[in-house]
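Counting begins at 1 with the first residue of the sequence. Fair warning: this is a prediction, and the values are worked out from it, not measured in the lab.
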Amino acid sequence: MECISVFDMLKIGVGPSSSHTLGPWRAAERWIAELKSKNRFEKVESITVDLYGSLSLTGKGHATDYAVMLGLSGADPEYIPVDTIDVIIASINNTHKLRFNNERTIDFDPKKDIVFNRKFLPYHANGMRFTAVINGRKSHAYYYSIGGGFVVQEERQNSKANKIIFYCTFPYPVENGVKLLDFCQQLNLPISGVVLENEKSIRDEETIDFELKRIWNTMLECMYVGCHTAGNLPGGLNVRRRAYDMHKNLNNGVPYDSPETWLQSIRQTEVKFRQILKWVSCFALAVNEVNAALGRVVTAPTNGSAGVIPAVLMYYLVIENHDADFEHIKKFLLVSGEIGSIFKKGATISAAMGGCQAEIGVSSAMAAGALCELMGGTPDQVLIASEIAMEHHLGLTCDPIGGLVQIPCIERNSMGAIKAINAAELALDTDPKNVKVPLDKVVQTMWETAKDMNSKYKETSEGGLAVSVNLTDC
């Protein structure tokens, strides 16, 4: 069984897509590391990158070519100043030169050396091949971006055949919801407590707190930037940013000068049902507008669904509990990460494999369960909340217009956030004895639905809104 940390499920990166941007970026980094480990990096004469399947079909709209070039250039998606991205890409396009890992200059023409192949490789819809010419001979390495920024090599898929077994080193390895509840009962801990014990087995609590604060601060900064940035999104659809206008209409005039004081000012706003809906939607839209503009976001569990978890957590902080502090944020992130890992182990978080149910559905389930614990829910009720949220996203397709993570992706985050809050409230009023559909059954059903789903509804832009709505309509 795979050990998945909360920091695997919640990763800081650059938009617009975890599978099509962050994954290929990380794959390029891993390829460089592999070349260095074999003392071949200095011998590379030229590079070609082949993108297959979904990476090819929607790669342009998802900035996959940008991600590959940035990864090959040695830039780190967690720390690169996002305003330098266009400068780096323009330099490569104009000079046909690339600073390989920021160490060596080699010839690289993106139009010729990044090849978009419509065919699918057998292992996963998001396949890529890195080719280096070394001493006149070609050397290939295959990688697959399997969703949420996770990347595997072709060799890993053959591990069972090669009798390589991977063991989880967590003291309380969670394979599914039933096992998680067993550990909660055994240790007399809430879900966040069990997750924390596992995290403490691989890093000290001071580091855990530091990294969780960094994740939350990135989420808060992302909402803040999105709510204070006007104009249209890049990509050609001319989608108008809506979070700015919504925020302007909701703002109560209380002064602020930072994301932190902004949060405090929102706590003084009028609390009515319509305003709550608008605030939650505003937070979610803000994040995914930043994501669509190649801004810095937290993959949660993917970039396309990055707005749900921060929006629901922000709802708790500014609406439900004005006394909430970092301990509440910490519990929320720990629970959401664990719920996400259950879906990744039992199904998928890749839209190229499962449609948007694998992204918005999973993020909504993560947020619902986390909110439920903060609202006083038992471990059983937390899983009920997650199940309810996913149950009502089953079958959701991924059909981005123009291959861009904009329509319908941005709005779907606000819908996923609202559903998460509703699911948490329903779970809090539910007796676990009366539940008919456990979380593990909905995870299994989601995976079966994913396998049955037509490929044109899996992030290929070959069906649904992606073909019903012409670019000229926009």
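- Residue Cys184 forms a side-chain contact (heavy atoms from CB on, under 4.5 Å) with just one option from Leu189, Asp380, Ile191, and that option is Ile191.
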- Step-by-step side chain to side chain contact (heavy atoms under 4.5 Å, CB included) determination, Asn252 to Glu270: CA-CA 8 Å; Asn252 59 5; Glu270 185 178 36; over 6 Å; no
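- Counting heavy atoms of neighbouring residues, nucleotides and ligands inside a 6.0 Å radius, atom CD of Glu448 exceeds 12 of them.
- With Asp431 contributing its side chain and Asn434 its backbone, the two residues share no donor-acceptor pair below 3.5 Å.
- In this structure, Lys179 NZ and Ile342 CD1 are separated by 12.5 Å, a value rounded to the nearest 0.5 Å.
- In this structure, Glu387 CD and Thr430 OG1 are separated by 9.5 Å, a value rounded to the nearest 0.5 Å.
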- Message: For a salt bridge (Lys or Arg N to Asp or Glu O under 4.0 Å) check, start with the C-alpha distance between Asp399 and Arg412, then their side-chain angles and the critical distance, and finish with the verdict.
- Response: CA-CA 12 Å; Asp399 47 357; Arg412 282 185 180 167; 3.4 Å; yes
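- Of all heavy-atom pairs spanning Thr261 and Asp257, the tightest one is OG1-N, 2.9 Å.
- With values rounded to the nearest 0.5 angstrom, Ser19 atom OG is found 4.5 Å from Glu459 atom CD.
- Geometrically, Lys11 engages Phe150 in a cation-pi contact defined by less than 6.0 Å to the ring centre and at most 45° from the axis.
- In plain terms, the two heavy atoms of Val14 and Thr21 that are nearest each other are O-CG2, 4.1 Å.
- In the displayed structure, Glu206 atom CD is contacted under 6.0 Å by at most 12 heavy atoms of other residues, nucleotides or ligands.
- Between the side chain of Glu199 and the backbone N or O of Val6, at least one donor-acceptor pair lies under 3.5 Å.
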- Message: What verdict does the side chain to side chain contact (heavy atoms under 4.5 Å, CB included) test give for Tyr256 and Gln264, after you've listed the backbone C-alpha separation in whole Å, the side-chain angles of each residue and the deciding distance to 0.1 Å?
- Response: CA-CA 8 Å; Tyr256 54 85; Gln264 296 295 335; over 6 Å; no
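- In this structure, the side chains of Val82 and Leu294 stay at 4.5 Å or more apart for every pair of heavy atoms.
- Of the possible polar contacts, none joining the Thr397 side chain to the Gly355 backbone as a donor-acceptor pair under 3.5 Å is found.
- Remark: the backbone N or O of Ile360 is not paired with any side-chain donor or acceptor of Ser364 at under 3.5 angstrom.
- For Ser468 (side chain) and Leu465 (main-chain N/O), no donor-acceptor pair under 3.5 Å exists by modelled atom type.
- A side-chain donor from one of Glu373 and Ser192 sits under 3.5 Å from a side-chain acceptor of the other.
- Taking the six-membered ring where tryptophan is involved, the planes of Tyr123 and Tyr144 are perpendicular, since the angle between them exceeds 60° and thus also 30°.
- Put simply, the side chain of Phe283 does not reach to within 4.5 Å of the side chain of Met246, judged on heavy atoms.
- Scanning both residues, Gln381 and Gly377, for their nearest heavy atoms gives OE1-CA, 3.4 Å.
- Counting heavy atoms from C-beta on, the side chains of Val195 and Val335 never come closer than 4.5 Å.
- Nearest heavy atom pair, residue Ala423 against residue Ala389, reads CB-N, 3.8 Å.
- Put simply, the side chain of Thr64 gets close to the backbone of His20: a donor and an acceptor are under 3.5 Å apart.
- Note that Lys248 lies outside the cation-pi zone of Tyr244, set by a 6.0 Å cut-off to the ring centre and a 45° limit from the axis.
- In this pair, Tyr316 and His328 present their aromatic rings tilted. The plane angle is within the 30 to 60° band.
- Between His228 and Trp262, the ring-plane angle classifies as perpendicular under the 30° and 60° cut-offs.
- Put simply, the side chain of Val442 reaches to within 4.5 Å of the side chain of Leu439, judged on heavy atoms.
- How far CG of Leu371 is from CG of Leu428: 7.5 Å, rounded to the nearest 0.5 Å.
- Counting non-hydrogen atoms of other residues, nucleotides and ligands closer than 6.0 Å to CE of Met375 gives a total above 12.
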- Show your reasoning for whether side chain to side chain donor-acceptor pair (under 3.5 Å) applies to Gln275 and Thr269. CA-CA 9 Å; Gln275 278 67 36; Thr269 59; over 6 Å; no
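- With a 4.5 Å cut-off on side-chain heavy atoms, Leu317 and Trp216 count as touching.
- At least one donor-acceptor pair under 3.5 Å links the side chain of His62 to the backbone N or O of Gly403.
- In this structure, Pro77 and Glu29 have side chains that are in contact, with non-hydrogen atoms separated by less than 4.5 Å.
- Counting non-hydrogen atoms of other residues, nucleotides and ligands closer than 6.0 Å to OH of Tyr143 gives a total above 12.
- The two atoms that bring Glu359 and Ala351 nearest to each other are OE2-CB, 2.9 Å, heavy atoms only.
- Sorted by first then second residue, the side-chain hydrogen bond (donor to acceptor under 3.5 Å, both in side chains) pairs that include residues 279-297, not counting sequence neighbours, are Asn288-Asn413, Asn291-Asn303.
- More than 12 heavy atoms of other residues, nucleotides or ligands shown are found within 6.0 angstrom of CZ on Phe170.
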- Check the pair Phe7 / Arg203 against side chain to side chain contact (heavy atoms under 4.5 Å, CB included), numbers first and verdict last. CA-CA 11 Å; Phe7 301 109; Arg203 51 179 66 86; 3.2 Å; yes
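- In the displayed structure, Phe210 atom CZ is contacted under 6.0 Å by at most 12 heavy atoms of other residues, nucleotides or ligands.
- Counting non-hydrogen atoms of other residues, nucleotides and ligands closer than 6.0 Å to CD of Glu411 gives a total of 12 or fewer.
- No side-chain donor-acceptor contact under 3.5 Å links Thr58 to the backbone of Gly61.
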- Message: Does Ile329 form a side chain to side chain contact (heavy atoms under 4.5 Å, CB included) with Met219? I'd like the steps, not just the answer.
- Response: CA-CA 11 Å; Ile329 295 169; Met219 288 179 170; over 6 Å; no
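- Two residues are said to be in side-chain contact when any heavy atoms from C-beta on lie closer than 4.5 Å; Pro255 and Ser265 fail this criterion.
- The pair Asp245-Arg240 counts as a salt bridge, with a side-chain nitrogen and a carboxylate oxygen less than 4.0 angstrom apart.
- When every heavy atom of Ala365 is checked against every heavy atom of Ser386, the shortest pair comes out as O-OG, 2.9 Å.
- In this structure, NZ on Lys345 lies 9.0 Å from CG on Asn176, to the nearest 0.5 angstrom.
- Residue Ile276 holds its CD1 atom at 12.5 Å from NZ of Lys278, rounded to the nearest 0.5 Å.
- In this structure, Thr460 contributes its side chain and Ser455 its backbone to a donor-acceptor pair below 3.5 Å.
- For the pair Lys458 (side chain) and Ala450 (backbone), a donor-acceptor distance under 3.5 Å is present.
- Residues Leu334 and Leu212 meet the side-chain proximity criterion, which asks for heavy atoms closer than 4.5 Å.
- Residue Val287 is tested with Pro310, Cys227, Ser305 for a side-chain contact (heavy atoms from CB on, under 4.5 Å); the sole match is Pro310.
- Annotation: side-chain hydrogen bond (donor to acceptor under 3.5 Å, both in side chains) contacts involving residues 329-341, sequence neighbours excluded, comprise Glu205-Lys330, Asp209-Lys330, Glu338-Ser341.
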